[in-house]
Amino acid sequence: MEQFFREAARDLPVAGEYDVIVAGSGPAGVSAAINAGRMGVKVLLVEWNNAVGGISTSGLMSHFTGSVHSKFYTELLQEMANRNEGPQKGKIIPSIDPENLKAIYLDMLKDAGVTVLLYTFVCGVVMDGNRITGIITESKSGRRVFRAKAFIDGTGDGDVAAFSGVSYYKGRETDGKMQPVTLMFKVAGVDTDRAVLLGSFESTHQTDKGELQALAKAHIPYPAGHLLVYRTTLPGIITCNMTNCTDIDGTSAEDLTRAELVCRSQMPAIVAYLREFVPGFENCYIISAGSMMGVRETRHFKGEYTLNEQDILEARVFADWVVRGAHFNFDVHNLTGAGLDKTGVQHKWSQPKGYTIPYRCLVPENVEGLLLAGRNISGTHMAHSNYRVMPICVGIGEAAGIAAAIAVKEGLALRDVPVEKIQAKLI
């Protein structure tokens, strides 16, 4: 029997008023905040974690994968190259040094005049009819309200959009199943001159002891059981994308807790497998793991247009594009076990052209004052498996930040911002 406790009503202090509030500081959210701030509007970036960057930093993601035509993404790669240590210094490569990237983001936010508020959860919204006018937050400072003229949801899971009443569904359209989650980790002590680094599920390598992907499936506990390892910017250190937990709803605290326990329990067996079977990893050992779970898929929101897989396969160019040159594959991890899902296509991807994402995918169908940014934009399960990657999310955030700033400066509703003005800033 479900039980309830009625909390006493109370007055919440309004802790600040801004032009634009961005919730969530992953690649999409931080990009949105910086680009809005650079246009001279007053911006607040709210993040529940102790650092900005989301999966690209706290999630210990190995590299930016996929590509996009984005001025801000190009600038970000250049700044990463400038800060790389050792032999990688000055080289534009997609590999991420998480601590450097945290500093880069913070410096960019500061230079753009953005106010950053960490350790703060968005736990509700203030609505005036169907228009969002404020967010309710919870933190050590108590329960508070922050108001703004425009809001951008960069939380990945779309928490602000969900609180606001935007229509959504979770996971795959047919059964609601969502892609598995992963806790990234790093190993040191790797002989990178000899190391076999398989970077996709479809990559294989035969050794005297057997084929490495088959050996991973045989020796790593289910539902893990694949080899995905990537170079870092530092010598002897490799990032592993090898833990795996299925049937997780990333919007459930209980499920996320279970995922942490399952993924961490897999790490000793993964290291034992690497030492025993993968050349170059004989003396490897764990040095760090992500401080947040890598959640690939949760809510899909209903926008003015829903991007679908055919749009991507045809590299469709929308008149109201705000992201262009987006390129990746259908990266669908197995929803019930290890490896690539039967619907996924990685290195066998044969679509060479970049596609566009229309502004309408960022605009919720039934809520005013809000833009979606990142993997929570309006798209199908299959389309999402492509645009969810970080470079494309950076491009989405760039467009959202520019659109919000234009709306505030010109007194326009977000859905009425002339797309030509957004495009002019992006080109």
Side-chain angles (χ1 to χ4, degrees), residues 25-28 30-31 34-35 38 51-112 184-200 203 205 227-242 274 278-281 284 287-290 294 323-329 331 346-347 349 352 354 389-395 397-398 426:
S25 73
V30 78
S31 174
I34 292 167
N35 280 279
R38 287 177 174 179
V52 297
I55 289 300
S56 68
T57 55
S58 300
L60 222 60
M61 183 60 188
S62 52
H63 63 294
F64 285 94
T65 184
S67 59
V68 68
H69 293 168
S70 157
K71 288 193 299 183
F72 183 72
Y73 178 57
T74 300
E75 178 187 349
L76 185 60
L77 288 178
Q78 182 62 65
E79 192 57 37
M80 288 167 56
N82 295 342
R83 304 241 191 149
N84 281 338
E85 302 288 344
Q88 302 297 343
K89 188 171 183 63
K91 295 182 181 179
I92 296 180
I93 56 175
S95 298
I96 294 171
D97 182 323
E99 298 307 317
N100 275 350
L101 188 53
K102 289 175 187 177
I104 290 167
Y105 285 145
L106 288 173
D107 287 346
M108 286 180 160
L109 288 161
K110 181 181 178 181
D111 290 345
M184 304 287 286
F185 67 95
K186 292 188 177 188
V187 293
V190 179
D191 182 351
T192 50
D193 290 335
R194 295 176 44 249
V196 174
L197 305 175
L198 300 187
S200 76
S203 300
H205 184 85
L227 176 61
L228 286 178
V229 284
Y230 304 95
R231 291 187 185 276
T232 69
T233 60
L234 302 174
I237 298 175
I238 296 294
T239 303
C240 301
N241 183 355
M242 295 178 64
L274 292 171
V278 185
F281 286 79
C284 73
I287 57 167
S288 59
V323 176
R324 61 197 176 107
H327 188 265
F328 196 50
N329 53 57
D331 189 29
Q346 288 190 333
H347 80 259
W349 180 257
V389 294
M390 296 192 305
I392 299 175
C393 286
V394 167
E398 180 181 20
L426 293 170

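Atoms considered below: every heavy atom in the structure, side chains included; atoms not considered: hydrogens, waters and symmetry mates. Quick caveat: nothing in here was measured; it's all calculated off a predicted structure.
Ser62 is linked by a side-chain hydrogen bond (donor to acceptor under 3.5 Å, both in side chains) to nothing, counting only residues two or more places apart in sequence or in another chain. Here Phe328 pairs with nothing under the ring-ring contact (aromatic ring centres under 6.0 Å, His included) rule; sequence neighbours left out. Ile287 meets the side chain to side chain contact (heavy atoms under 4.5 Å, CB included) test with Lys186, Ala188, Ile237, Tyr285; sequence neighbours excluded. Qualifying ring-ring contact (aromatic ring centres under 6.0 Å, His included) partners for His63, counting only residues two or more places apart in sequence or in other chains: Tyr230. Contacts of Glu75 classified as salt bridge (Lys or Arg N to Asp or Glu O under 4.0 Å), with partners at least two apart in sequence or in another chain: Arg38. With sequence neighbours left out, the side chain to side chain contact (heavy atoms under 4.5 Å, CB included) criterion links Gln78 to Ala81, Asn82, Ile92. For Ser58, the side-chain hydrogen bond (donor to acceptor under 3.5 Å, both in side chains) test picks out Asn49, with sequence neighbours left out. The side chain to side chain contact (heavy atoms under 4.5 Å, CB included) test applied to His69 returns Arg324, not counting sequence neighbours. Legend: residues meeting side-chain hydrogen bond (donor to acceptor under 3.5 Å, both in side chains) with Ser203, ordered by chain and number and at least two apart, are Ser200. The side chain to side chain contact (heavy atoms under 4.5 Å, CB included) check on Ala195 picks up Val190, Leu197, Phe281, with sequence neighbours excluded.
Rounding to the nearest 0.5 Å places CE of Met184 at 11.0 Å from CE of Met242. Of the inter-residue distances, the one linking Glu79 atom CD with Asn84 atom CG reads 10.5 Å to the nearest 0.5 angstrom.
With hydrogens and angles left out, the side-chain atoms of Gln88 and Thr233 include no donor and acceptor closer than 3.5 Å.
Note on residues 73-101: pairs passing ring-ring contact (aromatic ring centres under 6.0 Å, His included), not counting sequence neighbours, are Phe64-Tyr73.
At a threshold of 4.0 Å, the pair Arg194-Asp191 counts as salt-bridged, since one of the basic side-chain nitrogens sits closer than that to a carboxylate oxygen.
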Table please: side-chain donor-acceptor pairs of residues 93-100 below 3.5 Å, with sequence neighbours left out.
unit_1: Asp97; atom_1: OD1; unit_2: Glu99; atom_2: N; d: 3.2
unit_1: Asp97; atom_1: OD1; unit_2: Asn100; atom_2: N; d: 3.3
unit_1: Asp97; atom_1: OD2; unit_2: Asn100; atom_2: ND2; d: 3.4
unit_1: Glu99; atom_1: OE2; unit_2: Lys102; atom_2: NZ; d: 3.1
unit_1: Asn100; atom_1: ND2; unit_2: Arg83; atom_2: O; d: 2.8

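Pairing each heavy atom of Leu60 with each of Thr239, the nearest pair is O-CG2, 3.7 Å.
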